[in-house]
Amino acid sequence: MRMVDLIEKKRDGLELSSEEINFIIKGYTDGSIPDYQVSALTMAIYFKGMTEKERADLTMAMVESGDQINLSQIQGIKVDKHSTGGVGDTTTLVLGPLVASVGVPVAKMSGRGLGHTGGTIDKLEAVKGFHVEIENSEFINLVNKNKIAVIGQSGNLTPADKKLYALRDVTATVDSIPLIASSIMSKKIAAGADAIVLDVKTGAGAFMKTLEDSKELARAMVRIGNNVGRKTMAVISDMSQPLGFAIGNALEVKEAIDTLKGEGPEDLTELCLTLGSHMVYLAEKASSLTEARELLEASIKDGSALEKLKVFLSSQGGDASIVDDPSKLPQAKYTFELEAKEDGFVSEIVADEVGTAAMLLGAGRATKESVIDLAVGLVLRKKIGDQVKKGESIVTIYSNFEDVNEVKEMLYNNITLTSAKAEAPILIHGEITE
Ligand code: URA
Ligand code: CA
C-alpha cells in the first residue's frame, strides 16, 4: 500500500477501506508516514468528509494505536460522561457523586489541561490532601467499594490522536466534524467506557458556536459510539453564558457542594439531572428516564448524594470536612463587586470572554507551565434575563491581587444590559440518541 494512492483516493471523494485506514494510523503513529502526507490527507478529509464506516474505522484505529484501560474488573456498566468544553462547567464534580450514589460505577480518568479554569483534577485538588496518584488496583477496588474514584491520566492513550490533533492544529483542519468526532470518541473508548453520555455545548462559549454544527457533531459522535458497540447518546446544552454561577476551582467545588445539597444554580442542577438520568438509564439502574430522574432527586433530597461526595473525597486522602464547612477551601485575599452602571436587564454574558477574565485572575492555565491559583475566580450574581438595579453587583471577583481593573474592564465589555426585558436562553436544545 502506498500513502500517496490513499491521499488521491480521498481527494477524489472515494471511501477508504478498514485496511487502508489502519495502514495510515499505524504508519503515522510509528513515524513511517510523514507529517506532510498526513497533512494532505486531513485536508482532503476536510473537504470530502468521511462515511459513517470510515469514521468508525478511524476511531478504532486510534483506540488501538496505544494502551487501552481495562475496567472489566469493575462490576456493572461503566458509563462515562464527556463534555465538549465550556466555561465554569461544574457538571463533572456534581455528576460523579450524584450517579454513584444511586449505584452507577464512576471510574474516571481525568486530566489537567489548559483553559479558563483547571480540569477536574485541579478543581478537586482545592480539597486539602486529595490526590489522584493511586495504583490501578486501588482505583478498581475503590470503584467496586464506593462506586466512585478518580485517577490521573497515565499510560500511552491514543498516541495517534495526540499526533493528529497537533498536526490539525497547524494545518487548519481542526474544524472537521468527522475528525473531531473520532478524536473525542477514541479517547473515551480507550479509557474503558461501556456507554457514553455526551454533553455537546452550543453557543458563544462552546467549541461549536451554532446549533446546527453542534447537532451535527453530536450525531456524528453518537453514530460512531453505537457503530462500535458503545451505547452513546448526546444532550445539546447551552453555553451562550457560563453554566451555573461559579468560574474558578475552589469556587466550583463549593458550587458542586451546594448543588448536591439541592441548593445549586437552577441551570447547573437541571443539566446534571438530565445528563445524570441518561447515565443511570444507560447503566441499567433504572428502567426509564423518569425513574432515573426520580432516583437522583431522591438522593439529593435525603442527603445520599452529599454523603457520597464525602466518602469519595476522604477515600482519596481529601479533607471531607470542607463539605460541611466550605470556608476551609482556599480563600482569595480580596473580593470586589462589579457594579451595574445603570438599571436594566442582563441580555448577554459572553461566556468565553468571561472565562478569560477568570483566567487573568489566575484560575486557569494559559500554558502548560502556568500555576493555577485555586482560590480565585468569578461568581455571577446575575444571569441572562435577570433584572439589575444601578449599583447592584453583577459579578463578585475573587482575587489575590489588589488591582483588578483589567478584569473589570473585560467583564463590563462582555456583559450587556438592556432596558427591554431579555429572555433567559433555553438550557437544553435537544437530545440525540441515534
Ligand atoms: N477536542 C478533541 O479532543 N479533539 C478534537 O478534534 C477537537 C476537540
Ligand atoms: Ca459553574
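One is the number of the first residue; the rest follow in order along the sequence.
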- Item | Side-chain touch Leu338/Ile415, heavy atoms, less than 4.5 angstrom | yes

- Candidate pair Thr120 and Lys108, rule side-chain hydrogen bond (donor to acceptor under 3.5 Å, both in side chains), full reasoning: CA-CA 10 Å; Thr120 299; Lys108 190 101 191 143; over 6 Å; no

- Task: Would you check if Ile236 and Lys215 make a side-chain contact, meaning some heavy-atom pair closer than 4.5 Å?
- Result: yes

- Do you know the tightest heavy-atom contact between Leu98 and Ser101? O-OG, 2.6 Å

- Message: Is there a side-chain contact between Ile224 and Thr232 in this structure, where contact means two heavy atoms from C-beta onward sitting under 4.5 Å apart?
- Response: no

- Message: Whether the side chain of Lys78 engages the backbone of Ile74 through a donor-acceptor N/O pair (distance < 3.5 Å, no angle test) should be reported.
- Response: yes

- Item | Side-chain heavy atoms of Ile189 within contact of Arg230, under 4.5 Å | yes

- Message: Could you check whether atom NZ of Lys145 has more than 12 heavy atoms from other residues, nucleotides or ligands sitting under 6.0 Å from it?
- Response: no

- Look only at the side chain of Asp343 and the backbone of Lys390, and say whether a donor-acceptor pair between them is shorter than 3.5 Å. yes

- Item | From CG (Asn413) to CE (Met410), nearest 0.5 Å | 8.5 Å

- Tell me, with the steps shown, if Thr173 and Ser176 meet side-chain hydrogen bond (donor to acceptor under 3.5 Å, both in side chains). CA-CA 6 Å; Thr173 50; Ser176 151; over 6 Å; no

- Query: Phe245: what forms a ring pair (Phe, Tyr, Trp, His ring centres under 6.0 Å) with it, not counting sequence neighbours?
  - Reply: none

- Return yes when atom CD of Glu266 has more than 12 non-hydrogen atoms of other residues, nucleotides or ligands closer than 6.0 Å, and no otherwise. no

- Task: Ignoring hydrogens and angles, tell me if any N or O in the side chain of Gln331 forms a donor-acceptor pair with the backbone of Leu329 under 3.5 Å.
- Result: yes

- Item | Side-chain (Asn249) to main-chain (Ala363) donor-acceptor, under 3.5 angstrom | yes

- Query: Should Val404 and Tyr334 be marked as a side chain to side chain contact (heavy atoms under 4.5 Å, CB included) after you check the CA-CA gap, both sets of side-chain angles, and the distance that decides it?
  - Reply: CA-CA 10 Å; Val404 293; Tyr334 310 104; over 6 Å; no

- Query: Does Tyr46 OH have over 12 foreign heavy atoms under 6.0 Å away?
  - Reply: no

- Task: Assess whether salt bridge (Lys or Arg N to Asp or Glu O under 4.0 Å) is satisfied between Asp175 and Arg168, documenting all intermediate values.
- Result: CA-CA 9 Å; Asp175 296 334; Arg168 286 165 54 212; over 6 Å; no

- Any Asp199 side-chain heavy atom under 4.5 Å of Lys201 side chain: yes

- Message: Looking at Arg293 and Glu270, is any side-chain nitrogen of the basic one under 4.0 Å from a carboxylate oxygen of the acidic one?
- Response: yes

- Message: If the threshold is 4.0 Å, N to carboxylate O, is there a salt bridge linking Asp213 and Lys209?
- Response: no

- Message: Check this for me: does any side-chain nitrogen of one of Asp386 and Arg381 sit under 4.0 Å from a carboxylate oxygen of the other?
- Response: no

- Which pair of non-hydrogen atoms, one from Asp122 and one from Leu374, has the smallest distance, and what is that distance? O-CD2, 3.3 Å

- Task: Test Leu164 against Val38 for side chain to side chain contact (heavy atoms under 4.5 Å, CB included), laying out the working first.
- Result: CA-CA 8 Å; Leu164 200 58; Val38 178; 3.5 Å; yes

- Message: Checking the side chain of Asp238 only, and the main-chain atoms of Ser240 only, is there a donor and an acceptor separated by less than 3.5 Å?
- Response: yes

- Task: Could you walk me through whether Glu434 and Arg223 pass the salt bridge (Lys or Arg N to Asp or Glu O under 4.0 Å) test, one step at a time?
- Result: CA-CA 6 Å; Glu434 55 71 49; Arg223 294 236 168 102; 3.5 Å; yes

- Message: Quick one: does any side-chain atom of Asp67 pair with a main-chain N or O of Asn156 as donor and acceptor, under 3.5 Å?
- Response: yes

- Query: Roughly how far, to the nearest 0.5 Å, is CE of Met221 from CZ of Arg219?
  - Reply: 11.5 Å

- Query: Distance from Phe336 atom CZ to Leu361 atom CG, nearest 0.5 Å?
  - Reply: 9.5 Å

- Are any non-hydrogen side-chain atoms of Thr29 and Lys163 less than 4.5 angstrom apart? no

- Message: Can you tell me how far apart NZ (Lys285) and CD (Glu291) are? Round to the nearest 0.5 Å.
- Response: 12.0 Å

- Task: Determine yes or no for a side-chain-to-main-chain donor-acceptor pair under 3.5 angstrom, with Thr158 supplying the side chain and Ala160 the backbone.
- Result: no

- Task: Answer yes or no: is there a donor N or O on one side and an acceptor on the other, between the side chain of Asn414 and the main chain of Glu353, under 3.5 Å?
- Result: no

- If you take all heavy atoms of Thr259 and Pro265, which pair is closest and at what distance? OG1-CD, 3.8 Å

- Task: Please name the pair of heavy atoms, one in Ile432 and one in Val222, separated by the smallest distance, quoted to 0.1 Å.
- Result: O-CG2, 3.7 Å

- Nearest atoms (heavy-atom pairs only) where Ala357 meets Leu378: CB-CD1, 4.2 Å

- Side-chain heavy atoms of Thr92 within contact of His82, under 4.5 Å: no

- Query: So, do Glu125 and Ile121 sit near enough that their side-chain heavy atoms are less than 4.5 Å apart?
  - Reply: yes

- Would you please test Lys10 and Leu41 for side chain to side chain contact (heavy atoms under 4.5 Å, CB included) and show each step? CA-CA 7 Å; Lys10 181 45 70 183; Leu41 180 77; 4.0 Å; yes

- Query: Is a side-chain donor or acceptor of Lys162 paired with a backbone partner of Leu157 at a separation under 3.5 angstrom?
  - Reply: yes

- Full working for side chain to side chain contact (heavy atoms under 4.5 Å, CB included) between Thr91 and Leu268: CA-CA 7 Å; Thr91 51; Leu268 177 62; 3.9 Å; yes

- Message: Please report the interatomic distance CE(Met50) to OG1(Thr59), rounded to the nearest 0.5 Å.
- Response: 8.5 Å

- Could you walk me through whether Ser83 and Asp89 pass the side-chain hydrogen bond (donor to acceptor under 3.5 Å, both in side chains) check? CA-CA 9 Å; Ser83 154; Asp89 185 359; 3.2 Å; yes

- Query: Taking Met279 as the fixed residue, which of Ile77, Asp80, Val197 is the one that meets the side-chain contact (heavy atoms from CB on, under 4.5 Å) rule?
  - Reply: Val197

- Do the charged groups of Glu284 and Lys231 touch, with an N to O distance under 4.0 Å? yes

- Rounded to the nearest 0.5 Å, what's the gap from OG on Ser154 to CD1 on Ile69? Could you check? 5.5 Å

Just distance, no hydrogens or angles: give the donor-acceptor pairs under 3.5 Å from side chains in residues 418-428, sequence neighbours left out.
residue, atom, partner, partner atom, Å
Thr418, OG1, Ala420, O, 3.1
Lys421, NZ, Gly385, O, 3.0

- Task: Start with the C-alpha gap between Asp373 and Asn400, add the side-chain angles, then the distance that decides, and say whether side-chain hydrogen bond (donor to acceptor under 3.5 Å, both in side chains) holds.
- Result: CA-CA 8 Å; Asp373 187 337; Asn400 275 329; 2.6 Å; yes

- Query: Looking only at heavy atoms, which two atoms of Pro242 and Lys383 are closest? And how far apart?
  - Reply: O-NZ, 2.7 Å

- Task: Determine yes or no for a side-chain-to-main-chain donor-acceptor pair under 3.5 angstrom, with Glu409 supplying the side chain and Asn405 the backbone.
- Result: no

- Please indicate whether Tyr281 has more than 12 foreign heavy atoms, meaning atoms of other residues, nucleotides or ligands, lying under 6.0 Å from its OH. no

